[in-house]
Visitor: 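Here it is: the structure, laid out below.
One-based numbering along the sequence shown.
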Amino acid sequence: TLNSSLEENPMRYSARLRLLNNTPRLIRRHLHTTLFALLCSLAAQISSAASVTAGQDTMDGIANDFVKAGLRFQNHDPLPYVYIGPPAWRTEARADTTTLDAQLEYLAGLSARITALPDTTDPLEARRRRDLLARLQALVTRGEIIAGTVPASFDEETQLLFGVVAPEYDEAHFRQLTAELDNIIPGDGPLGARISAFRKQFVIPPEKLELVIGRAMQECREKTLAHVDLPPNESVTLNITDDMPWVGFTEFRGNSQSTVHLNSSVPVHIERAIELGCHEGYPGHHVHASLIEQSVVKERGWNEYSYIALVGPSAVIAEGAASYAMEVAFSREERVQFERDVLLPLANIDGTELDTYYHFVDLIGELNYARNEAARQYLYGGLPRDDAMRWLMEFGLETEGTAATRLNVIDAQRSYVITYNYGRKIVANYIESKPGQSADAVWQSFIEIFTSPLSPICLLYTSPSPRDRQKS
């Protein structure tokens, strides 16, 4: 059962916490929320003939209407999404010719219908309503961005789209981290060139990618099945592709079946093998989607989770949990030993400098936030594309090619970049907030995030970190 404070609208709750330090942003958000509420009210009146009365309305009915509306919304949004409902609903939605403005009005009407439901004393039902309201707000915000109206700031965008505000780091923070790298990377010359040369020895040969990732995925699955009951028919198929803007991508097809696509055009380093196996497969995206389908949609009947857009607070959970999945499945010692004993020989890679390499891997993990700052300045700070690429190359340790690809993704997905690093931090703080847990207890806490399902606000306000609480 959630604390009653978590059953509030997370936007109002977080606004109160940030009132003193963020008055200008709060005013802008208040105006946005007020206008959104007015639109909700107007849309509810306009659509009253097409919907049931408040006394007859139910969350289950609203959930079904949300799924159908989300599928129609995807006609206007090229971003990927998950759908595991009736095929006829998607076929019908694809034939829909409703304008984007009309779609946004309808989504606002769904929010009004939730607000008009009779009060509930059931914490689970209250959380269900709150979470769907946040997802509706995210879709409306995404639609406004598509239509050309963007939020006032990067932080406001992430709050409206994902329900969180990620910490901001200045250039001095990243310079300190790169200075540490400068001391451990061998050789002379510019740091970027030395890192590139150092990392080349740990690249998995493209012709061995399926073999190595497949073996890593198998190990991730065995560790997961020791702690998690998955549907007996679940499975993951690997597909090697090329010329994609990502390294790995999970396509969940429903009925606990997934295809994990791997991009052989991008150099995949040995530390990514277990990371990808856990992130994309076990206990990451594939397990997450399978448990949502089984526990939330089929058993509980929350059909709104049969459609999951790329935006919404659930994205922070999906990417954050997948990014933390490796720490749940493997201790550091287990991971290094498995790579040294199994994966390096499969990839025909010399592991002499593996310990130094892992020191490097730890530091570049902290540099991941450089991507957030590149997106922040590129989208809202007027940073030209060439300068954003240079920032990513200097502080994100990207090559020119990967920096260009990273910006292409930011062009398409905008502030979604925060869901990986800040999402991981939120999940990590939540899991690690109970020191001395057994391995079984850690797994239970991790899986509970999926099956509840918990939203970022649930995790943040049980996290011991005051800074994280203040940030959202």
Visitor: Begin from the C-alpha positions of F338 and R215 and carry the test side-chain contact (heavy atoms from CB on, under 4.5 Å) through to its verdict.
Guide: CA-CA 10 Å; F338 183 72; R215 180 63 184 89; 3.7 Å; yes
Visitor: Counting only heavy atoms from other residues, nucleotides and ligands, does the tally under 6.0 Å from CD of Q176 exceed 12?
Guide: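 No, not enclosed.
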Visitor: Is it true that the NZ or CZ of R135 lies under 6.0 Å from the centre of Y305's six-membered ring and within 45 degrees of the ring axis?
Guide: yes
Visitor: May I have the step-by-step check of side-chain contact (heavy atoms from CB on, under 4.5 Å) for L310 and D77, ending in yes or no?
Guide: CA-CA 10 Å; L310 200 68; D77 189 353; over 6 Å; no
Visitor: Can a donor-acceptor pair be found between the side chains of Y358 and R335 at a distance below 3.5 Å?
Guide: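 A pair is found: one side chain offers a donor N or O, the other an acceptor, under 3.5 Å apart.
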Visitor: Considering all heavy atoms of both residues, which atom of G214 and which atom of L238 are nearest to each other, and what is their separation?
Guide: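 Residues G214 and L238, closest heavy atoms: CA-CD1, 3.5 Å.
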Visitor: Determine, step by step, whether R390 and E394 satisfy the salt bridge (charged side-chain N to carboxylate O under 4.0 Å, His left out) criterion, reporting the C-alpha distance in whole Å, the side-chain angles of both residues, the deciding distance to 0.1 Å, and the verdict.
Guide: CA-CA 6 Å; R390 280 191 287 272; E394 181 173 2; over 6 Å; no
Visitor: How about L383 and R376: do any of their side-chain heavy atoms sit closer than 4.5 Å?
Guide: no
Visitor: Over all heavy atoms of both residues, which pair between I184 and T356 is shortest? Give the atoms and the distance, please.
Guide: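 Shortest heavy-atom separation between I184 and T356 comes out as O-CG2, 3.9 Å.
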Visitor: In sequence, state the C-alpha distance, the side-chain angles, and the governing distance for K68 and E92, and then conclude on salt bridge (charged side-chain N to carboxylate O under 4.0 Å, His left out).
Guide: CA-CA 9 Å; K68 294 176 181 178; E92 180 181 352; 5.7 Å; no
Visitor: Please, which pairs that meet salt bridge (Lys or Arg N to Asp or Glu O under 4.0 Å) have at least one residue in residues 344-362, sequence neighbours excluded?
Guide: R332-D362, R340-D355
Visitor: Roughly how far, to the nearest 0.5 Å, is NZ of K208 from CD1 of I349?
Guide: 9.5 Å
Visitor: After noting the C-alpha distance and the side-chain angles of N64 and W89, does the key distance pass the side-chain contact (heavy atoms from CB on, under 4.5 Å) rule?
Guide: CA-CA 10 Å; N64 286 336; W89 286 12; 3.7 Å; yes
Visitor: Hey, is the main chain of G281 close enough, under 3.5 Å, to the side chain of R221 for a donor-acceptor pair?
Guide: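 No; zero donor-acceptor contacts below 3.5 Å.
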Visitor: Quick one: sort the F446 and Y324 rings into parallel, tilted or perpendicular, breaks at 30° and 60°.
Guide: tilted
Visitor: Surrounding CG of D229 (heavy atoms of other residues, nucleotides or ligands, distance under 6.0 Å), is the total greater than 12?
Guide: no
Visitor: Y420 ring centre to R371 NZ or CZ under 6.0 Å, with the angle to the axis within 45°?
Guide: no
Visitor: Check step by step if side-chain hydrogen bond (donor to acceptor under 3.5 Å, both in side chains) holds for E157 and Y380.
Guide: CA-CA 10 Å; E157 178 176 321; Y380 285 94; 2.6 Å; yes
Visitor: Using side-chain heavy atoms (C-beta onward) and a distance below 4.5 Å, is E432 in contact with E327?
Guide: no
Visitor: Heavy-atom count around Q444 CD within 6.0 Å, excluding the residue itself: above 12?
Guide: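 Counting other residues, nucleotides and ligands, CD of Q444 stays at 12 neighbours or fewer.
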Visitor: Flag the pair L367 / L181 as yes when at least one side-chain heavy-atom distance between them is below 4.5 Å, and no otherwise.
Guide: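 Yes; the side chains approach each other to less than 4.5 Å.
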Visitor: Taking atom types as modelled, is there a side-chain donor on E319 or H285 under 3.5 Å from an acceptor on the other?
Guide: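 Yes, a side-chain donor-acceptor pair sits under 3.5 Å.
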Visitor: Under the side chain to side chain donor-acceptor pair (under 3.5 Å) test against E251, which residue among Q257, H261, H286 passes?
Guide: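 Only match with E251 under side chain to side chain donor-acceptor pair (under 3.5 Å): H261.
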Visitor: I need the Q137 CD to L107 CG distance, nearest 0.5 Å.
Guide: 12.0 Å
Visitor: Is it the case that the side chains of D96 and T98 hold a donor-acceptor pair, with the cut-off being a distance below 3.5 Å and no angle test?
Guide: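 Yes, because at least one side-chain N or O of T98 sits under 3.5 Å from a partner of the opposite role on D96.
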Visitor: State, yes or no, whether a side-chain contact exists between V328 and V442 at a heavy-atom distance under 4.5 Å.
Guide: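 Yes, their side chains come closer than 4.5 Å.
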Visitor: Closest heavy-atom contact between R194 and G187?
Guide: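 Where R194 meets G187 most closely, the heavy atoms are NE-O, 3.4 Å.
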Visitor: So, for I317 and S455, which heavy atoms are closest and what is the spacing to 0.1 Å?
Guide: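 The answer is CD1-C, 3.9 Å.
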Visitor: Would you check if the side chain of N372 reaches a backbone N or O of E168 as a donor-acceptor pair within less than 3.5 Å?
Guide: no
Visitor: Of the non-hydrogen atoms in T451 and S295, which two are nearest, and what is the gap between them?
Guide: CG2-OG, 3.8 Å
Visitor: Got a second to check how far L346's CG is from D341's CG, nearest 0.5 Å?
Guide: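 Result: 11.0 Å between the selected atoms.
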Visitor: So, for E304 and L132, which heavy atoms are closest and what is the spacing to 0.1 Å?
Guide: CB-CD1, 4.2 Å
Visitor: Do any N or O atoms from the side chain of S452 and from the backbone of I449 form a donor-acceptor pair under 3.5 angstrom?
Guide: no
Visitor: Can you tell me how far apart OG (S415) and OH (Y422) are? Round to the nearest 0.5 Å.
Guide: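 Going from the OG atom of S415 to the OH atom of Y422 covers 14.0 Å.
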Visitor: Donor-acceptor pair, distance only, cut-off 3.5 Å: does the side chain of E222 make one with the backbone of E219?
Guide: no
Visitor: What distance separates D65 CG from Y106 OH, expressed to the nearest 0.5 Å?
Guide: 3.5 Å
Visitor: Is the distance between the ring centroids of F202 and H269 less than 6.0 Å?
Guide: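 Aromatic pair excluded; centres sit 6.0 Å or further apart.
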Visitor: Classify the side-chain pair Y83/Q74 by whether it contains a donor and acceptor separated by less than 3.5 Å.
Guide: no
Visitor: We want to know whether S290 and E234 form a side-chain donor-acceptor pair, criterion being a heavy-atom distance below 3.5 angstrom.
Guide: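 No, because no side-chain N or O of S290 sits under 3.5 Å from a partner of the opposite role on E234.
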Visitor: Is the shortest heavy-atom distance from the side chain of E271 to the side chain of M326 under 4.5 Å?
Guide: no
Visitor: How are the rings of F174 and W391 set relative to one another: parallel (under 30°), tilted (30 to 60°) or perpendicular (over 60°)?
Guide: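 The arrangement is perpendicular - the two ring planes meet at more than 60°.
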Visitor: Do the side chain of S111 and the main chain of L133 share a donor and acceptor less than 3.5 angstrom apart?
Guide: no
Visitor: Whether the side chain of Q377 engages the backbone of A388 through a donor-acceptor N/O pair (distance < 3.5 Å, no angle test) should be reported.
Guide: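 No, Q377 side chain to A388 backbone: no donor-acceptor pair under 3.5 Å.
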Visitor: To the nearest 0.5 Å, what is the distance between CG on D182 and CG on L177?
Guide: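 So the gap between those two atoms works out to 12.5 Å.
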Visitor: In terms of relative ring orientation, are Y169 and Y369 parallel, tilted or perpendicular, with 30° and 60° separating the classes?
Guide: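 Answer is perpendicular, since the angle exceeds 60°.
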Visitor: What's the verdict on side-chain contact (heavy atoms from CB on, under 4.5 Å) for D242 and N263, showing C-alpha distance, side-chain angles and the deciding distance?
Guide: CA-CA 5 Å; D242 55 21; N263 183 11; 4.1 Å; yes
